[in-house]
Structure formats: structure tokens, C-alpha cells
Amino acid sequence: MITARVWVLVLSVTVALGVSGPTGKGQGAHRSGTTAATPSEGDPVLVGAGDIASCEDLAGAEATAKLIDKIPGTVFAAGDLAYPDGSDEQFAKCYGPTWGRFKERTRPAAGNHEYHKSGGSGYTRYFGAAAGDPGKAYYSYEMGAWHIVVLNSECAEVGGCEANSPQAQWLTRDLAEHRATCTLAYFHKPLFSSGGKHGNAVEMKPLWDVLYHAGADVVINGHDHDYERFAPQDPEGRVEEAHGIREFVVGTGGKNSHRTMGAAKANSEVRNDDTFGVLKLSLHARGYDWEFVPEAGKTFRDVGSGVCH
């Protein structure tokens, strides 16, 4: 991301407390320790999840909304926000009464269900300017020392995700113009996922290539309805502690179907498929802390820290 950058080697050790195996089902916490930068009071917080409000059953969305009620900060909504079709009615009647409580502090990303209706129209009408250009639905913003990029993983709807696509060209320019100390991107479909329903979305690799070569630190996704954390890695899926991207899959916002893990993908450090919850990121000047906060009554947690490249 920055020429003449000094890369910091981050050594990470994960310890499971009260949990049998890396899936983390049932109870306990996973902790990952690094030599993270010292936080400052008032550092910004980014909190959220994807795959949220199903009009067939709002219990999960209400459970996660109650968590965000108690967490100040900017809310990320990582796609598939109103099931089944992302219509005006479904946003009003299903997303609105739950996560719509935080609409004024939400920066959303579009998912595949947003495009079940023509052009993601319900999504773009609901969020307006907060969702970026309605014809693109990708944009960026700043949070303290961090540059935040929101991408659109519905590639066919926005001219593709290839290296020469409009979105990839925009992303290259945007990162060149915003040479922040730390960079985070979120979008719906993950390049890497052990989820049993979808798994890896290989069409996202060209955008990962751009993020990686610009020195991005963190990527957040949804799509598979589970929680997963990967070790820092390059776009080829090779562990790279010094300047790899750490990916989180947080499809835990409340949708209650296909919540089953498949075989663990390489570099997957923590996985859980039985707990709704949100990911809270505290964004410091040169690093970050993460915490997966579970729904009431569940004990699975994942906490840790990282240092920006």
C-alpha cells in the first residue's frame, strides 16, 4: 500500500480455552496474541456481520441487533441483509425493525440476495447515499488512521471483477489516493471459506490481488452463514505473516439456514457454525483488536490483536 514501507513481522499464537478442536462449537474462547500497537481511548470501532434479516424468522437478526444496541461505533452490514429478495417491503418489514435501528451509523455492502430484484433497487433505495453510487455499490471512507473499502462481490452486476474491470480499476486508484497506515475491506463473498454451502468465491481473487499488492491488512466477508478466521495469507492462499491479509467470514447476522461447515480450508484458524453474533473491531493507529461477540446464551468467542503492515 505504501512505497518504502517497513513490513512488521507479526508472530501469532492461537490458544483455545475450554474448546475441543478449532471449530469452537459450544463453549469457550479462542485468543490470538500479537505485538499489537497500544490502543488509545476513543479509537474508532467497526462492528457488524452479514446475512442478517430473514422475513421467515427474525429471531437471529433480533438477537444480533441486541448486541449492537450496546456497542457504539460504525456498523458494517456485509451483504444479504433482507431475505429472500432484498425488496423494498423486506427491507422495511424485516431489516428495518432489527438492524434498521442503526441505519444512521451503517455503511452497507451488497450481497447476492440484494440483486434478486432488478439492480439491487430495494437496497439502494433503503440506504441511499450511504451505499455509494447505486449503479456500482462500491465506495470507500475513513475511520481514524484506517482507510475502509466496501466492494461489490456481485461481479456480473457491475461489469465484472477481473483485473481490467471498472471495479478493479477504481480500487487500484482509490488505494493509491488513500495511502493510509491501515486498510480494511469488506464485501459479501469470501475468496476463502470452509463453509459447507458456498466455500471459496474464486471470482474475488483479482480484487484480492489489488488489495494485497496495496498492503491491505484485513478483509471481512459473509455469504456462508458461519464464523471463520484465517491466518494472514496472500491471494494464492499461502500463509504470509509479514504482509498477508487476515480474512474473517462473519455470516452470523441472523439468517438461520445452511449453517454447516465443510472441510477446513488451508490456514483456517477458528471456525464456528452454531452461534449468531457480531464481529467487533477496535481500530488503533497502527493495529487492531478483534472480538466475536456471541448472541445471548452462547459462549463461543474469538478475540485477538493484529498489527498493520
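Quantities reported herein were computed from a predicted structural model and do not represent experimental measurements.
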For Thr172, all residues meeting side chain to side chain donor-acceptor pair (under 3.5 Å), sequence neighbours excluded: none

Sort and list the pairs that fulfil salt bridge (Lys or Arg N to Asp or Glu O under 4.0 Å) and have at least one residue in residues 158-174, not counting sequence neighbours. none

According to the disulfide bond (SG atoms under 2.5 Å apart) rule, which pairs have a member within residues 52-115, sequence neighbours left out? Cys55-Cys94

Looking at Gly86, is its backbone amide N or carbonyl O close enough to the side chain of Gln90 to form a donor-acceptor pair, meaning the two atoms are under 3.5 Å apart? yes

Check this for me: does any side-chain nitrogen of one of Lys197 and Asp224 sit under 4.0 Å from a carboxylate oxygen of the other? no

Hey, could you give me each pair passing salt bridge (Lys or Arg N to Asp or Glu O under 4.0 Å) that has a residue in residues 46-66? Not counting sequence neighbours. Glu62-Arg101

Tell me, do Glu203 and Cys155 make a side-chain contact under 4.5 Å, heavy atoms counted? yes

Under 4.0 Å between a side-chain nitrogen and a carboxylate oxygen: does that hold for Glu247 and Arg229? no

Mind checking ring-ring contact (aromatic ring centres under 6.0 Å, His included) for Phe230 and listing every partner two or more places apart, or none if nothing turns up? none

Any chain of hydrophobic side-chain contacts (each under 4.5 Å) joining Val239 to Leu191? no

Scan residues 183-213 for pairs that pass disulfide bond (SG atoms under 2.5 Å apart), counting only residues two or more places apart or in two chains. none

Who are the ring-ring contact (aromatic ring centres under 6.0 Å, His included) partners of Tyr227, not counting sequence neighbours? Phe292, Phe300

For Glu104, which residues count as a salt bridge (Lys or Arg N to Asp or Glu O under 4.0 Å) partner, sequence neighbours excluded? none

Sorted by first residue and then second, give each salt bridge (Lys or Arg N to Asp or Glu O under 4.0 Å) pair with at least one member in residues 135-146; sequence neighbours left out. none

If you measure from the Lys or Arg side-chain nitrogens to the Asp or Glu carboxylate oxygens, is any gap between Glu269 and Arg246 under 4.0 Å? yes

Name the residue from Tyr123, Tyr83, Tyr95 that meets the ring pair (Phe, Tyr, Trp, His ring centres under 6.0 Å) definition with His113. Tyr83

Can you list everything that forms a ring-ring contact (aromatic ring centres under 6.0 Å, His included) with Phe187? Sequence neighbours excluded, please. none

Do Asn200 and Ser193 have side-chain N/O donor and acceptor atoms under 3.5 Å apart? no

Students often mix this up, so state it plainly: with edges at 30° and 60°, are the rings of Phe91 and Phe127 parallel, tilted or perpendicular? perpendicular

Ionic contact status for Lys255 with Asp80, cut-off 4.0 Å: no

Do His188 and Asn112 have a side chain donor and acceptor closer than 3.5 Å? yes

Hey, are the side chains of Arg301 and Glu291 touching, using non-hydrogen atoms and a 4.5 Å cut-off? yes

Set of residues satisfying ring-ring contact (aromatic ring centres under 6.0 Å, His included) with respect to Phe276, sequence neighbours excluded: none

Sequence-distant partners of Lys265, salt bridge (Lys or Arg N to Asp or Glu O under 4.0 Å), two or more places apart: none

Ring-plane angle category for Trp146 and Tyr288, please: parallel below 30°, perpendicular beyond 60°, tilted otherwise. perpendicular

